[in-house]
Peer 1: 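Questions regarding the structure given below will be posed in turn.
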Amino acid sequence: MLPVTDLSRRAQQRLGAALRARVAGDDAAQRAAVIWGKPGQRWFTPQDPVWRVHADASMFPGGVAALLLQSLHPLAMAGVAGHSGYRGDPWGRLQRTSHFLATTTFGTIEDAEQTIARVRSIHERVRGRDERGRPYRASDPDLLSWVHVAEAYSFLTAYQRFAVEPLTAAEADTYVEQAAVVARLLGATKVPTTVAGLERALTAYRPDLEATDAARDAARFLLLQPPLPLVARPGYGLITTGGVAVLPEWARDSLGLQMARPLAPVATGIGRFGTRAVRWAMSGVAQERQLAADLS
């Protein structure tokens, strides 16, 4: 953890608030107070691996990796390109995803179930055809399973590389099992419950994956053309470099993000530094999390 002095605390809080607003919206503080502070039974506790992973700053590079990995499924990418508005409103999409993850991990069971039901209703309306004319629908259990596998792999891998204290092997299995709870409620069916099962599932999807033009375009937008002011781009680059480092080598190659083997540890180090900086900033606005811990 970076040191915090009286002079740096205000900068820490400002940066943390700016990051939180970008990821969770301008009303992030109010939403966080509800998610973390509302009394009620929860699926998970602060001691659970899924809570620890999803509360950590490693979710920033992990989220980048998840988006890139998910884009390699042509039908999933077609749905994103056709319905998510990721180009016109990328931060809005990020904020909706962030709110879903936070509510289903840290919120009350009542709020989590309502959020899942709302997303399932949206998924029922998202359908179309990809660039080859193949039909897709967001409620397809196989597509939902792919999205979950890509997320669980990316979030867990990022945590194991960038967290202050990685999970033990047993805790990592528990993370996969706990993350599966929400995936099943969303409608996914082929949901792994161990790290080994997660890796087998990722391998099993590989014949269905390819870097379409839409996927490569999304990668360029995410990595090279973010809607950010120039002053914020170096910090953003630290996070995206870490996200690319988290990807399996075959996924990087498919997206044209080849990385010479000697550079892989360098990219991991850059991602670790960026995650550490985010962790320092976000610790200045973490009071709501303590409320939830006290209520558990």
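Residues: numbered from 1 along the sequence shown.
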Peer 1: Are Val246 and Val244 joined in one hydrophobic group, where the rule is that I, L, V, M, F, W and Y side chains link up if heavy atoms are under 4.5 Å apart?
Peer 2: no
Peer 1: Would you check if the side chain of Arg279 reaches a backbone N or O of Ala57 as a donor-acceptor pair within less than 3.5 Å?
Peer 2: no
Peer 1: Short question: side chain of Ser254, backbone of Trp250 - any donor-acceptor pair under 3.5 Å?
Peer 2: no
Peer 1: Over all heavy atoms of both residues, which pair between Pro192 and Val149 is shortest? Give the atoms and the distance, please.
Peer 2: CD-CG2, 4.1 Å
Peer 1: Is the closest side-chain heavy-atom distance between Thr203 and Arg200 below 4.5 Å?
Peer 2: no
Peer 1: Does Ser121 reach the main-chain N or O of Ala117 with its side chain, forming a donor-acceptor pair under 3.5 Å?
Peer 2: no
Peer 1: Taking the side chain as everything from C-beta on, heavy atoms only, tell me whether Phe106 gets closer than 4.5 Å to Trp51.
Peer 2: yes
Peer 1: Could you grab the distance from atom CZ of Phe44 to atom OG1 of Thr105, nearest 0.5 Å is fine?
Peer 2: 6.5 Å
Peer 1: Is the shortest heavy-atom distance from the side chain of His99 to the side chain of Ile35 under 4.5 Å?
Peer 2: yes
Peer 1: For the CD1 atom of Ile116 and the CZ atom of Arg118, what is their distance to the nearest 0.5 Å?
Peer 2: 10.5 Å
Peer 1: Is the number of heavy atoms from other residues, nucleotides or ligands within 6.0 Å of CZ (Phe273) greater than 12?
Peer 2: no
Peer 1: Would you say Gln160's side chain and Leu167's backbone share a donor-acceptor pair under 3.5 angstrom?
Peer 2: yes
Peer 1: Apply ring-ring contact (aromatic ring centres under 6.0 Å, His included) to His54 and Phe155, showing your working.
Peer 2: CA-CA 8 Å; His54 291 179; Phe155 297 162; 5.7 Å; yes
Peer 1: Please collect all ring pair (Phe, Tyr, Trp, His ring centres under 6.0 Å) contacts where either partner lies in residues 193-217, sequence neighbours excluded, each pair once.
Peer 2: Trp146-Tyr205
Peer 1: If I compare all heavy atoms of Pro135 with all of Arg129, which pair ends up nearest, and what's the gap?
Peer 2: CD-NH1, 3.6 Å
Peer 1: Going from OG1 on Thr157 to CG on Leu202, what distance comes out if it is rounded to the nearest 0.5 angstrom?
Peer 2: 8.5 Å
Peer 1: Rounded to the nearest 0.5 Å, what's the gap from CZ on Arg252 to CG on Leu68? Could you check?
Peer 2: 11.0 Å
Peer 1: Give me the atom names and distance for the closest heavy-atom approach of Pro166 to Val164.
Peer 2: CD-O, 3.8 Å
Peer 1: Are Leu69 and Leu67 connected in the hydrophobic side-chain network, where two residues link if heavy atoms are under 4.5 Å apart?
Peer 2: yes
Peer 1: Is Val147 close to Leu186 at the side-chain level, that is, under 4.5 Å between some pair of heavy atoms?
Peer 2: no
Peer 1: Would you check if Glu113 and Trp43 make a side-chain contact, meaning some heavy-atom pair closer than 4.5 Å?
Peer 2: yes
Peer 1: Report yes if the side chains of Pro74 and Arg132 come closer than 4.5 Å at any heavy-atom pair, otherwise no.
Peer 2: no
Peer 1: Please assess Leu101 against Met59 for the test side chain to side chain contact (heavy atoms under 4.5 Å, CB included), listing each intermediate value before the final yes or no.
Peer 2: CA-CA 11 Å; Leu101 281 168; Met59 287 291 284; 4.0 Å; yes
Peer 1: Asp173 side chain to Thr194 main-chain N or O, any donor-acceptor pair under 3.5 Å?
Peer 2: no
Peer 1: Ignoring hydrogens and geometry, is there a side-chain-to-backbone donor-acceptor pair from Arg161 to Ser58 under 3.5 Å?
Peer 2: no
Peer 1: Give, for atom NE2 of His73 and atom CG of Leu143, the distance between the pair rounded to the nearest 0.5 Å.
Peer 2: 5.0 Å
Peer 1: When you look at Thr268 and Phe162, which way does the side chain to side chain contact (heavy atoms under 4.5 Å, CB included) test go after all the steps?
Peer 2: CA-CA 8 Å; Thr268 296; Phe162 304 136; 3.9 Å; yes
Peer 1: Taking Ser139's backbone N and O only, do any of them form a donor-acceptor pair with Arg120's side chain (distance below 3.5 Å, no angle check)?
Peer 2: no
Peer 1: Report the C-alpha separation of Leu255 and Ser71 in whole Å, then their side-chain angles, then the decisive distance to 0.1 Å, and conclude whether the side chain to side chain contact (heavy atoms under 4.5 Å, CB included) test is met.
Peer 2: CA-CA 9 Å; Leu255 286 167; Ser71 75; 4.1 Å; yes
Peer 1: Which heavy atom of Ala180 sits nearest a heavy atom of Val191, and at what distance?
Peer 2: CB-CG1, 3.1 Å
Peer 1: Hey, are the side chains of Pro49 and Tyr159 touching, using non-hydrogen atoms and a 4.5 Å cut-off?
Peer 2: no
Peer 1: Return yes if some donor-acceptor pair links the side-chain N/O of Asp48 with the main-chain N/O of Thr45 below 3.5 Å, else return no.
Peer 2: yes
Peer 1: Hey, mind stepping through Leu198 and Tyr175 against side chain to side chain contact (heavy atoms under 4.5 Å, CB included) and telling me if it holds?
Peer 2: CA-CA 11 Å; Leu198 182 63; Tyr175 168 77; over 6 Å; no
Peer 1: Can you see which heavy atom on Phe100 is nearest to which on Val119, and at what distance?
Peer 2: CD1-CG2, 3.6 Å
Peer 1: When hydrophobic residues are tied together by side-chain contacts of less than 4.5 Å, even through go-betweens, does Tyr236 share a cluster with Leu223?
Peer 2: yes
Peer 1: Can you tell me how far CG of Asp142 sits from CG of Asp208, rounded to the nearest 0.5 angstrom?
Peer 2: 7.0 Å
Peer 1: Closest approach of Ala65 and Ser154, non-hydrogen atoms and distance?
Peer 2: C-OG, 3.5 Å
Peer 1: Establish whether Val195 and Tyr153 are linked, either directly or via other cluster members, by ILVMFWY side-chain heavy-atom contacts under 4.5 Å.
Peer 2: yes
Peer 1: Quick one: does Ser145's side chain have a donor or acceptor within less than 3.5 Å of a partner on Lys190's backbone?
Peer 2: yes
Peer 1: Determine, for Arg216 against Asp213, whether the closest basic-nitrogen to carboxylate-oxygen distance falls under 4.0 angstrom.
Peer 2: no
